[in-house]
Amino acid sequence: MQYLRIKKKKQFSKLLKGGKRAHSELLTIIYLPDNEKKMAVCVGKKYGKSVVRNRIKRLLREAYRANAERLSPTAMLLIPKVAEEYSFAAFSREIARLFRKEKLLEDPTAEGISPKCKAAEKDGV
RNA sequence: CGAGCGGGCUGCGCGGCCGCGGCGCAUUUUUGCGACGAGGAAAGUCCGGGCAUCGCAGGGCAGGACGCCUGAUAACGUCAGGUGAAGGCGACUUUAAGGAAAGUGCAACAGAAAUAGACCGCCGCUCACGCGGCAAGGGUGGAAAGGCGAGGUAAGAGCUCACCGACGGGACGGUAACGCCCCGUGCCAUGUAAACCCCGUCCGAUGCAAGGUUGGGCUGUGCUCCUAUGGGUUGCCCGCCCGAGUACAGCCGCGAAUACCGCUUGAGCUUGCCGGUGACGGUAAGCCUAGAUAAAUGACCGCGCUCGACAGAACCCGGCUUAUAGGUCCGCCUCGAAGU
RNA sequence: GCGGGAAUAGCUCAGUGGUAGAGCGUCACCUUGCCAAGGUGAAUGUCGCGGGUUCGAGUCUCGUUUCCCGCU
């Protein structure tokens with residue numbers, strides 16, 4: 001599953017200015033239609049030490065990757081909320097829910113999620 | 001068997017599958033394959049270096065750091081071995097440990113008195129008031145003119161003597177710190193130098209966001225400060241150097257907190273041998289072991305167990321300090337109890 | 001990443017090594033028919049935390065925690 005990383009300051013300010021926002025209990029996404037799939041993760045110092053911050057970034061990137069299969073070309077910024085614990089299953093479930101809610105999937109008739117997420121949902125974490 | 005002391009090692013493992021980072025080789029333009037990919041503290045940024053730029057190839061003042069001795073080292077505030085002191089029955093541990101006889105400051109309260117004296121007291125003279133002698137005892141304090149015993153005395157006092165301590169001199173051992181012995185001096189005088197300070201040793205400043213290359217070139221119009229009351233150079237002084245900053249318009253290549261270099265082969269790691277009590281040094285062979293830049297290690301499944309702590313490289317090394325679930329090993333180590 | 005600084009009463013700040021203070025706020029009383037203003041009095045600190053030096057640390061010193069600022 002290919003996607004690009006957002007790196008330039010210009011792209012960030014464009015996204016923050018004109019992007020649409022969607023919230024859930026665990027995270028906020030800011031997105032804007034683009035010609036390619038782009039994403040970035042935003043984890044500042046308030047989340048904890050470097051080990052904790054790295055952990056959050058990895059979990060978010062992996063959760064995005066697992067759900068980005070049928071995503072329409074969109075630039076997206078993922079911002080988690082401060083919590084005691086962070087888990088992949090919860091992030092993945094929330095991202096999938098937000099994508100459906102905001103109708104960002106290319107084929108809206110197919111309600112299917114990746115088998116990985118189904119397993120995660122079964123665990124009910 | 002119990003309680004300790006000192007020192008070291010390790011920091012979940014195996015397999016499958018999807019994914020990430022740079023590298024190499026193919027493929028030729030985005031894919032495939034391959035090996036590699038965080039730590040003992042990567043942390044705090046407390047010291048010391050390398051490297052780079054600036055200054056100078058000059059000096060002085062100020063400031064800072066360190067401080068028993070010898071050694072190790074590129075260097076250190078680090079390390080090793082030793083000395084003294086303090087603590088512990090002991091194995092052992094801790095130690096910013098020069099100078100108070102260069103000078104200055106401070107020592108609240110209490111206490112008679114804080115570097116200087118006599119409150120209670122003791123003794124002599126006197127009917128008494130009082131005068132004189134004394135510093136043993138009491139009391140205050142962190143500290144009150146070495147300690148303790150004997151002689152001595154009116155009472156006392158190193159006044160005298162023995163022992164211990166202090167100071168001075170000498171011999172011996174040791175590279176030295178120092179140790180030990182002998183002789184002498186009755187002992188002119190508290191503590192604090194992590195108070196100023198003195199003595200000795202060392203230190204130019206700034207830090208990879210250092211710094212370099214590209215980032216256009218040319219032309220025109222200007223503006224600001226200025227040949228010394230300015231600017232730069234280290235906090236200051238002497239000395240030294242002299243131009244600097246910026247706006248607008250035009251043409252071809254259009255990302256600029258960017259791209260590339262610095263950027264990982266180095267006081268490197270492993271093993272053996274040699275020298276040294278040791279830190280460490282020498283030598284031979286082998287090895288290449290992260291290099292990102294909105295910043296790489298994650299998700300899922302299966303198995304095992306003690307159910308996995310502290311924690312993530314950002315120019316690189318040597319230390320220090322702080323955090324750390326546990327597991328495990330070593331020592332003709334120490335103490336206690338019981339038995340032989 | 002690199003370099004600086006701060007922490008004292010509820011708040012804003014003082015504080016030579018010797019009993020921790022000021023202003024505002026709080027509480028009680030006086031004044032008033034009542035409130036405000038005014039007056040009188042009182043309470044309030046592990047001096048961020050843990051060692052060390054000292055007879056004695058808010059102060060000196062070492063470590064540590066949290067916060068703030070500067071450098072592109």
Side-chain angles (χ1 to χ4, degrees):
Chain A
M1 185 56 237
Q2 292 301 307
Y3 62 92
L4 297 172
R5 303 293 296 277
I6 303 171
K7 293 183 176 181
K8 304 294 177 197
K9 192 178 174 68
K10 266 188 186 175
Q11 295 175 296
F12 273 96
S13 43
K14 189 177 163 192
L15 197 55
L16 288 167
K17 253 188 175 175
K20 289 186 74 178
R21 286 160 199 254
H23 306 273
S24 84
E25 284 191 19
L26 292 173
L27 69 150
T28 299
I29 61 172
I30 301 174
Y31 65 95
L32 200 62
D34 209 309
N35 50 358
E36 280 171 313
K37 290 181 192 176
K38 296 177 185 170
M39 75 84 98
V41 172
C42 179
V43 181
K45 275 207 168 179
K46 66 176 177 179
Y47 294 88
K49 297 184 176 186
S50 52
V51 171
V52 179
R53 295 201 301 272
N54 279 343
R55 174 81 184 158
I56 295 170
K57 284 189 256 182
R58 284 166 190 157
L59 290 174
L60 280 177
R61 279 201 290 267
E62 183 64 21
Y64 174 85
R65 197 179 66 82
N67 287 287
E69 191 73 37
R70 293 175 301 103
L71 191 67
S72 56
T74 310
M76 182 176 294
L77 184 63
L78 302 173
I79 305 166
K81 298 195 173 167
V82 178
E84 288 288 308
E85 283 188 5
Y86 305 90
S87 80
F88 170 77
F91 276 141
S92 181
R93 197 175 58 237
E94 288 293 316
I95 286 174
R97 208 167 60 75
L98 282 173
F99 284 2
R100 270 175 292 164
K101 185 181 158 198
E102 298 296 316
K103 299 193 169 55
L104 290 170
L105 301 176
E106 278 188 323
D107 185 8
T109 51
E111 274 294 300
I113 351 167
S114 71
K116 210 180 285 179
C117 295
K118 268 185 183 163
E121 273 185 327
K122 227 179 277 175
D123 291 346
V125 184

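Residue numbers begin at 1 in each chain, while the letters A, B, ... track the order of the sequences.
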Is A/R65 near enough to B/A299 that one of its side-chain N or O atoms lies under 4.0 angstrom from OP1 or OP2?
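So the side-chain polar atoms of A/R65 never come under 4.0 Å of the phosphate oxygens OP1 or OP2 of B/A299.
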For A/R61 and B/A294, is the shortest distance between a side-chain N/O and OP1 or OP2 below 4.0 Å?
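Indeed not, no polar side-chain atom of A/R61 lies that close.
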Would a distance-only check, ignoring hydrogens and angles, find a side-chain to backbone donor-acceptor pair under 3.5 Å from A/K81 to A/S24?
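Answer holds: yes.
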Side-chain donor/acceptor of A/S72 to backbone N/O of A/L104, under 3.5 Å
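Present.
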Any side-chain heavy-atom pair of [X] and [Y] under 4.5 Å:
X     : Y     : answer
A/L60 : A/Y64 : no
A/Y86 : A/R55 : no
A/I95 : A/L27 : yes

Anti/syn call for [N], syn if |chi| within 90°:
N      : result
B/A101 : anti
B/U264 : syn
B/A57  : anti
B/U289 : syn
B/G67  : anti

If [N] has a Watson-Crick or G-U wobble mate with both distances under 3.5 Å, name it; if not, just say none.
N      : value
B/U29  : none
C/A42  : C/U26
B/C218 : B/G250
B/C89  : none
B/G151 : B/C159
B/A108 : none
B/A338 : none
B/A62  : none

Figure out the [atom1]/[atom2] separation between [X] and [N], and round it to whole Å.
X     : N      : atom1 : atom2 : result
A/R58 : B/C18  : CZ    : C1'   : 17 Å
A/I56 : B/A296 : CD1   : P     : 13 Å
A/F88 : B/A299 : CZ    : P     : 8 Å
A/K57 : B/A299 : NZ    : P     : 16 Å
A/N67 : B/G19  : CG    : C1'   : 14 Å
A/N54 : B/A292 : CG    : C1'   : 12 Å
A/R93 : B/A299 : CZ    : C1'   : 15 Å
A/I30 : B/A294 : CD1   : P     : 19 Å

Integer angstrom distance from the [atom1] of [N] to that of [M]:
N      : M      : atom1 : result
B/G81  : B/C280 : P     : 11 Å
B/A290 : B/G37  : C1'   : 5 Å
B/C274 : B/A97  : P     : 43 Å
B/U115 : B/C203 : P     : 44 Å
B/C320 : B/G77  : C1'   : 9 Å
B/G141 : B/U190 : C1'   : 13 Å
B/G40  : B/U10  : C1'   : 11 Å
C/C62  : B/C47  : C1'   : 14 Å

Are A/V82 and A/I29 connected in the hydrophobic side-chain network, where two residues link if heavy atoms are under 4.5 Å apart?
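Yes, A/V82 and A/I29 fall within the same hydrophobic cluster.
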Quick check: closest heavy atoms across A/C42 and A/P80, and the distance to 0.1 Å?
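For A/C42 versus A/P80, the nearest heavy atoms are O-CD, 3.3 Å.
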Residue whose nearest RNA chain B nucleotide is more 5′ - A/L77 or A/V51:
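Between the two, 5'-proximity favours A/L77.
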With RNA chain B as reference, determine whether A/S50 or A/L59 sits nearer its 5' end, using the nearest nucleotide of each.
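This one resolves to A/L59.
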When only distance counts, do a donor and an acceptor, one from the side chain of A/R55 and one from the base of B/G312, lie under 3.5 Å apart?
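A donor-acceptor contact between them is absent.
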Between A/L77, A/I30, A/I79, which is the residue that forms a side-chain contact (heavy atoms from CB on, under 4.5 Å) with A/R21?
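Exactly one option meets the side-chain contact (heavy atoms from CB on, under 4.5 Å) with A/R21, and it is A/I30.
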Once you apply a heavy-atom cut-off of 4.0 Å, does A/K49 come out as touching a base, just sugar-phosphate, or nothing?
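Touches sugar-phosphate only.
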